[in-house]
Amino acid sequence: MASPGEDSEREPLLGDYPSGSREWDIIETEEHYKSRWRSIRILYLTMFLSSVGFSIVIMSIWPYLQKIDQTADASFLGWVIASFSIGQMVASPIFGLWSNHRPRKEPLVISIFISVAANCLYAYVHVPASHNKYYMLAARGLVGFGAGNVAVVRSYIAGATSLQERTSSMANTSTCQALGFILGPVFQTCFALIGEKGVTWDMIKLQIDMYTAPALLNAFVGVLNIILIITMLREHRVDDSGRQCKNINFEEARIDEVQDSQGNIDQVAVVATNVLFFVILFIFALFETILAPLTMDMYAWTQEQAVLYNGIILAALGVEAVVIFMGVKLLSKKIGERAILLGGLIVVWVGFFILLPWGSQFPKIQWEDLHNNSIPDTTFGEIMIGFWKSAREYHNERPVGCPVEQAWCLYTPVIHLAQFFTSAVLVGIGYPACNVMSYTLYSKILGPKPQGVYMGWLTASGSGARILGPVFISHVYTYLGPRWAFSLVCVIVLLTITLLGAVYKRLIAFSVRCGRIQE
């Protein structure tokens, strides 16, 4: 005897509807349901691989850059790191527009092919006789360009899920993205066992070592991803109630379906959500960037300690993010996405407020190597170099503590470890909740209209935030210190909370605003 669950799976998923009620009479069958979720899960994998493509080489870029081109300096390192986000920012609207008018397979396959080619280029940047650093810059920029398919992934998932399924699906997407960022450096660590010399295949001038092996693995799994998309991905679209619809972005749909999806989108809510998403990613990008210099200045950690301890902290935050992503799926059903977004921003604000320096204890001052009282013009690349310098280079040579060249070290109280860890935990709670809720709300606001371009702009705003966040915090922190830096962050978050409060009632699903379904 079949169980009730099995019976429900065999039944039409949307029940009975009056005949002739436009797409309401297109009932989703069990076969369609399985095909739809198989396609969505393939895109979960695509999102995971896109994140791995960024993080799997991030810890080895600096030594690899120094190895292939001795003329590369800290400033150029900053450009190499930023090139990924710049490429993604440029590509996202392009792939999004493409996906609006053609089958989503096309931009997905082409974007992944670009990433595969870019990873192969990254493995060969040592071959040219000169200008090797520019080849690396181009390779990382093209990997980022290929990662612009994130907009297509989010657009597809938004169009292939009902309102009830949307939050859970977007949370799963974010989980896959977070796992990619966590596991990428783990894969890199495993490849470190190959060593710098590795194995050379002279016939094709291919050198497989600890620097190139991660990129080659990326290229290989990218090819597998392309095969999966070509053979298994199917075009699916459902309306906000979960009823099967035709793909109006490239199939010929009935006139009434097209008109039904072309209602007026609330552009105020769209712009506000883009701003919210920008600020959320801006805040976390600057938090990641400031970890190393802050802990070295406040706790007199050596380079070795900073790399080890901050790596552990970021890994823990990644695990925490996965837990939060899973938790918000359940919580959103009870209190809604807007409330979680507001709560997440408040938690982030509390986290940075706690991080403000208090008390009368001051950090250890680094007096050595003092030449003058000028403040160094520290670039983003110079700050990031701390993650790659070997401990041996600095052991018993480089002084530790807060450098006196940063004048604020003399009068700014130390940030206690308890403050720092509490702040990290709170930011680790608030950021993932805000991240997934912001683009979940965004997809619901847009409604049944193809979302490729809109998702492209959302992804582009996030990429811009990841570029500007490190630049902002590195300059403010270096010149003015943590009190000013974190106070400004608190002000930015407070203004963002105010913006959310102003548009709170407008952040509702398209179908709810049009009165088609009840919230």
Side-chain angles (χ1 to χ4, degrees), residues 171 174-175 177-178 181-182 276-295 297-299 301 306 309-332 334-335 337-359 412-440 462 465-466 469-470 472-473 476-477 481-501:
S174 293
T175 300
Q177 192 173 30
F181 286 126
I182 295 170
L276 291 170
F277 190 70
F278 175 89
V279 173
I280 291 163
L281 267 69
F282 179 88
I283 295 300
F284 193 72
L286 65 84
F287 182 76
E288 284 183 310
T289 303
I290 206 60
L291 280 182
L294 178 69
T295 52
D297 290 345
M298 290 291 151
Y299 315 122
W301 287 358
Y309 299 156
N310 288 318
I312 294 173
I313 290 170
L314 287 176
L317 291 182
V319 175
E320 182 184 14
V322 172
V323 174
I324 297 299
F325 288 140
M326 296 296 99
V328 296
K329 294 197 297 184
L330 302 175
L331 188 60
S332 64
K334 296 183 178 181
I335 65 175
E337 291 88 356
R338 292 177 297 177
I340 295 177
L341 179 57
L342 177 60
L345 285 172
I346 293 173
V347 170
V348 169
W349 183 86
V350 172
F352 278 97
F353 183 79
I354 290 175
L355 206 53
L356 292 173
W358 305 98
T412 301
V414 70
I415 297 173
H416 298 281
L417 270 174
Q419 288 178 262
F420 174 70
F421 286 129
T422 303
S423 173
V425 170
L426 291 175
V427 172
I429 293 173
Y431 165 71
C434 292
N435 180 285
V436 67
M437 289 301 107
S438 57
Y439 64 75
T440 299
R466 287 195 296 271
F472 167 83
I473 197 65
V476 176
Y477 177 85
R483 178 170 284 165
W484 271 99
F486 300 140
S487 293
L488 289 174
V489 172
C490 285
V491 171
I492 292 172
V493 177
L494 190 60
L495 291 175
T496 306
I497 293 173
T498 303
L499 171 64
L500 176 58

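All values reported here derive from a predicted model rather than from experimental measurement. Just so you know, these numbers use all the heavy atoms, side chains as well, and skip hydrogens, waters and symmetry mates.
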Say you draw a straight line from [atom1] of [X] to [atom2] of [Y]; how long is it, rounded to the nearest 0.5 Å?
X	Y	atom1	atom2	result
Leu317	Ile312	CG	CD1	12.0 Å
Gln419	Trp358	CD	CH2	9.0 Å
Leu355	Met298	CG	CE	9.0 Å
His416	Tyr299	NE2	OH	8.5 Å
Leu342	Leu345	CG	CG	7.0 Å
Leu495	Leu500	CG	CG	12.5 Å

For residues [X] and [Y], report the shortest heavy-atom separation together with the two atoms involved.
X	Y	value
Pro357	Arg483	O-NH2, 3.2 Å
Phe325	Ala178	CE1-CB, 3.7 Å
Leu286	Gly469	CB-O, 3.6 Å
Phe277	Gly462	CE2-CA, 3.9 Å
Ser423	Phe352	OG-N, 4.3 Å
Lys329	Ala171	CG-CB, 3.2 Å

Enumerate donor-acceptor pairs with a distance under 3.5 Å from any side-chain N or O in residues 426-437 to protein atoms, sequence neighbours excluded.
from, atom 1, to, atom 2, distance (Å)
Tyr431, OH, Asn435, ND2, 3.3

Please say which of Val476, Ile354, Ile415 ends up in a side chain to side chain contact (heavy atoms under 4.5 Å, CB included) with Phe486.
-> Ile415
Carefully, step by step, assess Leu291 and Phe420 under the rule side-chain contact (heavy atoms from CB on, under 4.5 Å).
-> CA-CA 10 Å; Leu291 280 182; Phe420 174 70; 3.5 Å; yes
Can you confirm whether [X] sits close enough to [Y] that some side-chain heavy atom of one is under 4.5 Å from a side-chain heavy atom of the other?
X	Y	answer
Phe472	Leu488	yes
Ile313	Phe421	yes
Ile280	Leu341	yes

Between Ile492 and Phe282, does a side-chain contact (heavy atoms from CB on, under 4.5 Å) hold up when you go through it step by step?
-> CA-CA 10 Å; Ile492 292 172; Phe282 179 88; 4.1 Å; yes
Which is it for Val493 and Phe353 under the side-chain contact (heavy atoms from CB on, under 4.5 Å) test, yes or no, and what are the steps along the way?
-> CA-CA 10 Å; Val493 177; Phe353 183 79; over 6 Å; no
Just jot down the side-chain hydrogen bond (donor to acceptor under 3.5 Å, both in side chains) partners of Ser174, sequence neighbours excluded, or say none.
-> Tyr439
Contacts of Thr496 that satisfy side-chain hydrogen bond (donor to acceptor under 3.5 Å, both in side chains) - sequence neighbours left out = none
Flag, side chain of Arg466 to backbone of Ala285, donor-acceptor distance under 3.5 Å = no
Go through the steps to decide whether Phe287 and Ile473 satisfy the test side-chain contact (heavy atoms from CB on, under 4.5 Å), and finish with yes or no.
-> CA-CA 8 Å; Phe287 182 76; Ile473 197 65; over 6 Å; no
